[in-house]
Amino acid sequence: MPPVPEDGLLREGSKFHALSSFLKPDGEFRHRPVMNHHSSAENPALSAANSYSSYRRIAAKLKGLPRRVAAPSFVIPDTVGANCHFLEGLFPEVGLCLFETDSCLAYGDQDLPPDLPGLNLDYHVHLPLDLPWAQGAEAAAQATLDLVTKTAFLNPRFYVLHPPGTTGELERFCTLWHNAGLQNRDLLLENIEGNDLDALLGVSGDLGLSLCLDLGHMLSYEQQFLLRVADWNRVRMLHVNAPGKSSRHEALTSLGPEGKILLQALLEHSRPETTVMLEIFGEQGLFDSAALLAQWMEQWKLV
């Protein structure tokens, strides 16, 4: 595994991995959970307990919002399963971040333990960022369907897909998806760097696909036009984060005035059943952002 550069991002080819600070030298997400990255050296157990108490207060505010707010499965530096256990009782839903095809296909019971369905959580899946589109839509679809099978015991609500570059690839992928007995509505296309969905909005609507709009990507890549052209009946999820350098997802404490205006507009345009995913990969940033989201929604009279 290459060394982690000073900016905290693991570069692999043209990809940027914002989760590299969680990796051991062998490349595995195997650290044990920590309750508070800023715990007191004098009494870390007390500091952790105080942090968890504050998290519970923030969670109570989230429950009062007219939106389902989800968290990602990489918040503490540990396995997906450990993150789900940590987030139970704090968020109603966890997005399973299956960002790398090969490593996620190799997940076993340690990563996705069989007790996860018993947690008081719903799940959705973020499909890999490195699906093998270069090998054709069929290869990308097969890898996706293998991950769908692996996570089926969690009954995910839907699946987020970074889209291919052409309508033909998307149509072939969706044919295989549908032939596997899956609903096109449960496949959400996300706006990403290099693909603002503009060329895919028409065909994806004809195919019955849903949408996931990412606030940070809209700001980073000048995709604000999606606010005007998106079919809001198809928007089932918002990814909420502040844009950072080199594609980092920052906490909402870093969101500028333009970003706040856009976030308010996204929330006002979307339906009450749209899930708001705080796509922020760190404990402190996640809960700071959750507290801010609750505060802003109250200020904007969206409660």
Side-chain angles (χ1 to χ4, degrees), residues 1-29 31 37-38 70-78 80 83 95-104 126-134 160-165 188-198 212-227 237-263 266 276-290 292-293:
M1 172 184 167
V4 178
E6 292 181 358
D7 60 9
L9 290 166
L10 174 64
R11 289 172 172 80
E12 181 182 346
S14 62
K15 294 178 295 178
F16 290 85
H17 297 268
L19 306 177
S20 58
S21 61
F22 293 173
L23 295 172
K24 289 175 65 176
D26 63 3
E28 293 296 322
F29 293 94
H31 297 258
H37 297 166
H38 306 282
S73 64
F74 285 124
V75 177
I76 59 171
D78 207 309
V80 172
N83 272 266
L96 304 176
C97 300
L98 306 185
F99 287 159
E100 296 182 339
T101 302
D102 291 341
S103 60
C104 293
H126 193 307
L127 294 167
L129 315 184
D130 61 351
L131 286 171
W133 291 106
V160 178
L161 176 69
H162 281 198
L188 282 57
L189 298 187
E190 179 183 354
N191 58 300
I192 60 173
E193 181 179 10
N195 194 330
D196 59 14
L197 300 182
D198 189 35
C212 169
L213 298 186
D214 188 298
L215 169 68
H217 295 169
M218 292 174 74
L219 292 166
S220 292
Y221 312 125
E222 299 184 357
Q223 299 173 351
Q224 293 89 337
F225 75 95
L226 288 169
L227 184 68
M237 173 167 279
L238 300 176
H239 278 178
V240 174
N241 57 83
K245 294 180 180 179
S246 302
S247 302
R248 290 188 74 104
H249 287 199
E250 301 289 356
L252 294 185
T253 50
S254 299
L255 194 65
E258 179 190 0
K260 286 183 65 176
I261 291 170
L262 182 56
L263 173 58
L266 289 170
V276 178
M277 168 72 158
L278 289 171
E279 199 176 43
I280 297 155
F281 307 116
E283 180 183 337
Q284 193 68 48
L286 175 68
F287 286 96
D288 287 348
S289 299
L292 269 180
L293 178 67

Donor-acceptor check, side chain of Gln223 to backbone of Ile192, threshold 3.5 angstrom: yes or no?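 Yes; judged by distance alone, with no hydrogens or angles, the pair exists.
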Does Ser289 reach the main-chain N or O of Ala251 with its side chain, forming a donor-acceptor pair under 3.5 Å? no
Taking all non-hydrogen atoms of both residues, which atom of [X] and which atom of [Y] are closest, and how far apart?
X: Ser73; Y: Cys97; result: OG-N, 2.9 Å
X: Asp196; Y: Leu226; result: O-CD2, 3.4 Å
X: Phe74; Y: Val80; result: CZ-CG2, 4.4 Å
X: Glu279; Y: Phe99; result: OE2-CZ, 4.3 Å

Min side-chain heavy-atom separation [X]-[Y] under 4.5 Å:
X: Leu131; Y: Pro164; value: no
X: Pro163; Y: Leu197; value: yes
X: Asp288; Y: Leu252; value: no

Please list, chain by chain and in numerical order, all residues satisfying side chain to side chain donor-acceptor pair (under 3.5 Å) with [X], sequence neighbours excluded.
X: Asn195; value: none
X: Glu258; value: Gln224
X: Asn83; value: none

For His126 and His239, take the angle between the two ring planes, folded into 0 to 90°, and tell me which bin it lands in: parallel under 30, tilted 30 to 60, perpendicular over 60. parallel
Rounded to the nearest 0.5 Å, how far apart are [atom1] of [X] and [atom2] of [Y]?
X: Thr101; Y: Asp130; atom1: OG1; atom2: CG; result: 3.5 Å
X: Met218; Y: Leu227; atom1: CE; atom2: CG; result: 5.5 Å
X: Leu293; Y: Leu263; atom1: CG; atom2: CG; result: 6.5 Å
X: Leu129; Y: Glu100; atom1: CG; atom2: CD; result: 8.0 Å
X: Leu161; Y: Leu188; atom1: CG; atom2: CG; result: 9.5 Å
X: Arg248; Y: Asn241; atom1: CZ; atom2: CG; result: 12.0 Å

Set of residues satisfying side chain to side chain contact (heavy atoms under 4.5 Å, CB included) with respect to Cys104, sequence neighbours excluded: Leu98, Tyr107, Leu147
Residues in side chain to side chain contact (heavy atoms under 4.5 Å, CB included) contact with Ala290, at least two apart in sequence or another chain: Ile58, Leu62, Phe91, Leu278
Please determine which of Leu255, Val276, Leu238, Asn191 meets the side chain to side chain contact (heavy atoms under 4.5 Å, CB included) test together with Leu215.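 When Leu255, Val276, Leu238, Asn191 are each tested with Leu215, the side chain to side chain contact (heavy atoms under 4.5 Å, CB included) holds only for Leu255.
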Output all residues satisfying ring-ring contact (aromatic ring centres under 6.0 Å, His included) with His217, sequence neighbours left out; order by chain, then residue number.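 ring-ring contact (aromatic ring centres under 6.0 Å, His included) check on His217 returns Tyr221, His249.
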